[in-house]
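Right, one structure below, let's go through it.
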Protein chains: 2
Amino acid sequence: MKKSDSRRLTIKDLAKELNLSSSTISRVLSNNPRISEATKKLVNDKVKELGFSLDPIASSFRSKKTKSIGVVAPRIDVDFHSKVISGIEDYASELGYQITIFQSKDSYIKEKEILKLLETSLAAGIIICPSLETQKVDHLKKVIKSNIPLVLYDRPIENLDTNIVCINDYQASYDATKHLINTGCKRIAHISGNLNVNIFNKRFEGYKAALVDNDLEFEDALLYQTHNLSYQEGLVAAEKLSKLKNPIDGIVCANDYTASAAVQLFKKLNISIPENISIIGFSNYPISTIIEPNISTIDDNAYYMGNIAAKILIQQIEDKFQKKIDHQEILVKTDLIIRDSTKKVKK
Amino acid sequence: MKKSDSRRLTIKDLAKELNLSSSTISRVLSNNPRISEATKKLVNDKVKELGFSLDPIASSFRSKKTKSIGVVAPRIDVDFHSKVISGIEDYASELGYQITIFQSKDSYIKEKEILKLLETSLAAGIIICPSLETQKVDHLKKVIKSNIPLVLYDRPIENLDTNIVCINDYQASYDATKHLINTGCKRIAHISGNLNVNIFNKRFEGYKAALVDNDLEFEDALLYQTHNLSYQEGLVAAEKLSKLKNPIDGIVCANDYTASAAVQLFKKLNISIPENISIIGFSNYPISTIIEPNISTIDDNAYYMGNIAAKILIQQIEDKFQKKIDHQEILVKTDLIIRDSTKKVKK
DNA sequence: TTTTATTGTGCAAACATTTGCACAATAAAA
DNA sequence: TTTTATTGTGCAAATGTTTGCACAATAAAA
């Protein structure tokens, strides 16, 4: 004969219904071992019957814990980041966490604001790809100090005591270059991104190391550094490289846009791919399967990277008061994808 | 001489500091008109000095309101959706709302679970692109009934009393077709998506209407229906269309992948574009600027669509107890982007 | 001057849950 | 049997904010 107000069901209603105390209900719901199996069943059945669920806000309020993970990316409409976030969401939602997203737009100021907001309360943990502008890291240190688990992805920052998950750019680029060498290329160029950026520098280093390890000579003329690896820049780079007096027979590109450009430019010059020149890209963008010939590339497993980032973050969250995990740099493996723009390895 | 525990600052601490009551602090923070300008300044200064901020959880707990918007997309690593979400985030974060994302993976079951979770508490409002599987809409109706503002995007659902923002697929496709006609095409084919899907049907209808409005004849042979508009299917479609006894001089494609395929196939057949055949795509994928010749297309303004969705949702949230807004279908305008794959309009 | 309206502030309750502590009941050990 | 340990449950406090109501002080109206 209750007032049939449509207020949400609380733990107290359940308690009254079952002649138990709210504490008991609460403990059943958190699976407290002190509760007997009999009452657990009793309560759980009622919970199902009434479709009851805890008020997460009240719960967070009292326990000072949330189930929300803050993810801050430079922007989410970039293929790579959207894949990482997808990987994070899939893993985290499985464990009952929610993902709240923020875009720093690669602005240091904005990144600071976002982190302040996240510290303020709502985050059980934070996964972040630092903005390109970010040089100072006080805001990140503050997060760490305030004991909020933090995981970086994609862009490493030196001297920061936290977990980071990224790919092994050096190795991936080395592998790509090695692949060209294995197929018989003798003079291989590199179209790079901005060499002041950590990951592009490593890609360059990997390329160079593969050359010297295989007794091929590197010379400055083989390197074309672009500003932002755009398709347009790729065209310019390829054109320049095509005019070398000592002609090249392979190009390792730091992404698939420049690789696409190179492919199209050499086609226009009637230099056939891969017979006369092999071209390999990086990142496995959709375009690499559409350009003719399809472009060999390195898959960076962005989705998987998100998975891992979520995994180690949640580990930290849940172990927070137990053993302090030592922080580590996790290198996600990359895959060499061989398509038509590089010659096949002769067996 | 306080205990220097590192517990977060509360409204009470501020109150003590200033010899005021917590109520006053609270009212200053919510800009209550009953508070004098003098005390407002006093409090606000202190707030800045100490870097104080309300505990959003406690606040939500008491007020039963949150600042969190749930966004559920089929998947977030699809170009279109990631752009929409980016648009939502930009607009909403400006107004102090956070975005929590969920992926339905186009599964009806998962979608239902997600909505139940969102109803359970945390959402001030919900923006959703319904899964392809979704036929029954009880779960959506439940959200509406429970008075949580709801906005659909991209995929309309009939007979659902809520706001929806999408593009005018009919009109956009009409415009694309009209563009070909304006440049002199007389026999125009259409590569369509699955015609059982609302938006692809509308694109087809728009195409057909443009033909008849301009005294061009439509015949079944001009329509090639694909299953999922993949690049591969595009190749098959283009090949079939290239063999028509009565040759075509234009193709309207329902996306840019099939358009890319068509361009590449006709190039291979040495049928020059746009001289002998004009090809136009849909959605303005990155690839459309890379394929040679660059592909004319329809830009769907996904980012802007997210903006609008966020805008009308937040309107609803904040007007919740005031005037009941009537629900509307908002059609985001699309842009015809003319590139090299279609002839220029002769002036 | 008295009455009435207005302005600015404080009191205290309420929100739904979690958790330390207490305690009764039962089981195990002495 | 008495003592001690174990098991299962309840009591009540605490969490930080918001808000209806009360009330004092001042201003305006009578």
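Source: prediction; values computed, not measured. The chains referred to below are lettered A, B, ... by the order of the sequence lines, with proteins before strands, and numbering in each begins at 1.
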Does the side chain of [X] pick up a donor-acceptor pair with the side chain of [Y] at under 3.5 Å?
X: B/Lys83; Y: B/Asn301; result: no
X: B/Ser107; Y: B/Ser104; result: no
X: A/Asp161; Y: A/His327; result: yes

Look at atom CD of B/Glu49 and say whether more than 12 heavy atoms of other residues, nucleotides or ligands are closer to it than 6.0 Å. yes
5' to 3' on DNA chain D, which nucleotides open and close the contacts with chain B (atom under 4.0 Å from a heavy atom)?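 Counting from the 5' end, contacts occupy D/dG16 to D/dG20.
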Enumerate the salt bridge (charged side-chain N to carboxylate O under 4.0 Å, His left out) contacts for residues 103-112 of chain B, please, sequence neighbours excluded, ordered by first and then second residue. A/Asp90-B/Lys105, B/Asp106-B/Arg155
Which residues, if any, of residues 22-39 of chain A bring a heavy atom under 4.0 Å of DNA chain D? A/Ser23, A/Thr24, A/Arg27, A/Arg34, A/Ile35, A/Ser36, A/Thr39
Which residues, if any, of residues 41-55 of chain A bring a heavy atom under 4.0 Å of DNA chain D? none
Which ranges of DNA chain D pair up as stems, where a stem means three or more consecutive Watson-Crick or G-U pairs with both distances under 3.5 Å?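 Only these stems qualify: C:1-30 with D:1-30.
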Regarding A/Ile57, tell me which of base, sugar-phosphate or nothing describes its non-hydrogen contacts under 4.0 Å with the strands shown. nothing
Compare the aromatic ring of A/Phe61 with the six-membered base ring of C/dT17 and state whether they stack according to the 5.5 Å and 30° rule.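 No, A/Phe61 does not stack on the base of C/dT17.
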Taking only residues two or more places apart in sequence or in another chain, which ones pass side chain to side chain contact (heavy atoms under 4.5 Å, CB included) with A/Ser53?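 If we apply the side chain to side chain contact (heavy atoms under 4.5 Å, CB included) test to A/Ser53, skipping adjacent residues, the hits are A/Arg8, B/Thr120.
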